[in-house]
Amino acid sequence: MNTTNKVAWFVFAFLAIGVSLYPLMYIYYAFDDVEVALRLSKSKELLTNVVWNTGFYGHISFGGLALLVGWVQFGKRFRNANLNRHRLIGRIYVVAAVVSGLCGIFIAFYATGGIVAQIGFLCLGIVWLYFTAMAYLAIKKGDVNKHQAFMIYSYAACFAAVTLRLWLPLLTIAFGSFLPAYRVVAWLCWVPNIFFAYFWVKRKGLSLG
């Protein structure tokens, strides 16, 4: 691995780990009954809704777990050193992705920013679930090539949690307001990731067919 690849890998891992711990902030302040970050944009009625809160915390907690464990699977040396460990981490990722994805689809209907943001996050949840399910089904059939390709797409969707937090402050400055920035980031956080995954899959010679 050359220096450029090492730096890219370090940044990739650093961002994945850092953002995966982000839900701890919400959980910490929840015990003090203090609303922070995105929850500040929600109505009091929604913040006291048990079903919505279950979906919200389910999404960020399991999403954080998926983000935390998923990145290590892309290290070829780590992956090949212990296949049983790879399978265990993979199962954890799939369960976390499914729970977070389903919760994400539910809370997407209440997304700040109206219909544009709602559809953006809804599509993200569906895409994430689809690629994760296809990756799981592929490995159950013993198709390693297709499994790897679908997992690249799955983690690209999962990595939207990172790219959202990179884009949002820049867009807020550009638009001069949070709401229009959030409507754009609901799409920008994941669509370019999927295109990146497409070129990564092509470069590795993998196929979804």
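All values reported here derive from a predicted model rather than from experimental measurement. Computation of the quantities below employed the complete heavy-atom set of this structure, encompassing side-chain atoms and omitting hydrogens, waters and symmetry-equivalent molecules. Start at 1 with the first residue, then count along the sequence.
- Of the possible polar contacts, one joining the S20 side chain to the I17 backbone as a donor-acceptor pair under 3.5 Å is found.
- Using cut-offs of 30° and 60° for the angle between ring planes, the Y155 and Y93 rings count as tilted.
- Clustering ILVMFWY residues whenever any of their side-chain heavy atoms sit less than 4.5 angstrom apart, transitively, puts L83 in a cluster other than the one holding L88.
- Between the CD1 atom in I139 and the NE2 atom in H86 there is a gap of 6.5 Å [rounded to 0.5 Å].
- Of the possible donor and acceptor atoms, one in the side chain of N53 sits under 3.5 Å from a partner among the backbone N and O of L47.
- Of the possible donor and acceptor atoms, one in the side chain of N193 sits under 3.5 Å from a partner among the backbone N and O of C189.
- For W200 and F74, the ring centers are positioned less than 6.0 Å apart.
- We find the OG1-CG distance between T163 and L15 to be 10.0 Å, quoted to the nearest 0.5 Å.
- Separation of atoms CD (Q73) and CD1 (I92) is listed at 9.0 Å; rounding is to 0.5 Å.
- With a 6.0 Å radius and a threshold of 12 heavy atoms from other residues, nucleotides or ligands, W167 has its CH2 atom at or below the threshold.
- The two atoms that bring R165 and A161 nearest to each other are NH1-O, 2.6 Å, heavy atoms only.
- No side-chain donor-acceptor contact under 3.5 Å links W71 to the backbone of L67.
- The distance from the OH atom of Y182 to the OG1 atom of T112 is 5.5 Å, given to the nearest 0.5 Å.
- The main-chain N or O of F78 is found under 3.5 Å from a side-chain atom of R85 such that the two form a donor-acceptor pair.
- For the atom pair H147 NE2 and S154 OG, the distance stands at 9.5 Å (nearest 0.5 Å).
- In this structure, F196 and Y153 have side chains that are not in contact, with every pair of non-hydrogen atoms separated by 4.5 Å or more.
- The hydrophobic cluster containing V144 does not contain F131, counting ILVMFWY residues as joined when their side-chain heavy atoms lie under 4.5 angstrom apart, directly or transitively.
- Environment of CZ in F14: sparse, with no more than 12 heavy atoms of neighbouring residues, nucleotides or ligands closer than 6.0 Å.
- The 12-atom threshold is not exceeded at CZ of R91, counting heavy atoms of other residues, nucleotides or ligands nearer than 6.0 Å.
- Two different hydrophobic clusters hold L188 and I173 under the rule that ILVMFWY side chains link at heavy-atom gaps under 4.5 Å.
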N/O donor to acceptor pairs below 3.5 angstrom from side-chain atoms of residues 113-126, sequence neighbours left out:
| from | atom 1 | to | atom 2 | distance (Å) |
| --- | --- | --- | --- | --- |
| Q118 | NE2 | F109 | O | 3.4 |

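- Nearest heavy atoms, R87 versus N84: NH1-OD1, 3.0 Å.
- Rounded to the nearest 0.5 Å, atoms CG (N82) and CD1 (I89) are 8.5 Å apart.
- Contact between S207 and A149 at its shortest, heavy atoms only, is O-CB, 4.0 Å.
- Counting heavy atoms from C-beta outward, N145 and D143 have side chains that approach closer than 4.5 Å.
- Taking 4.5 Å as the limit, every side-chain heavy atom of M134 sits out of range of all side-chain heavy atoms of M151.
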Identify all side-chain donor-acceptor contacts of residues 98-108 below 3.5 Å with residues at least two apart in sequence or on another chain.
| from | atom 1 | to | atom 2 | distance (Å) |
| --- | --- | --- | --- | --- |
| S100 | OG | H59 | O | 2.8 |
| S100 | OG | H59 | ND1 | 3.1 |
| S100 | OG | G63 | N | 3.3 |

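- A heavy-atom distance below 4.5 Å is found between the side chains of K202 and Y198.
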**Request:** Show your reasoning for whether side-chain contact (heavy atoms from CB on, under 4.5 Å) applies to N49 and Y110.
**Result:** CA-CA 12 Å; N49 186 301; Y110 302 89; 5.9 Å; no
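- The two residues A197 and I152 make their nearest non-hydrogen contact at CB-CG2, 3.9 Å.
- At least one donor-acceptor pair closer than 3.5 Å links the side chain of T132 to the backbone N or O of W128.
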**Message:** Run the side-chain contact (heavy atoms from CB on, under 4.5 Å) test on F159 and W190 for me, step by step, so that the C-alpha distance in whole Å, both residues' side-chain angles and the decisive distance to 0.1 Å come before the verdict.
**Reply:** CA-CA 8 Å; F159 207 72; W190 66 273; over 6 Å; no
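- Residues passing the side chain to side chain contact (heavy atoms under 4.5 Å, CB included) test with L170, sequence neighbours excluded: none.
- Listed here is the closest heavy atom pair of S177 and A181: O-CB, 3.5 Å.
- L166 and F195 fall within a single hydrophobic cluster, where Ile, Leu, Val, Met, Phe, Trp and Tyr side chains are chained together by heavy-atom contacts under 4.5 Å.
- Under the 4.5 Å side-chain contact rule for hydrophobic residues, F62 and V50 do not share a cluster.
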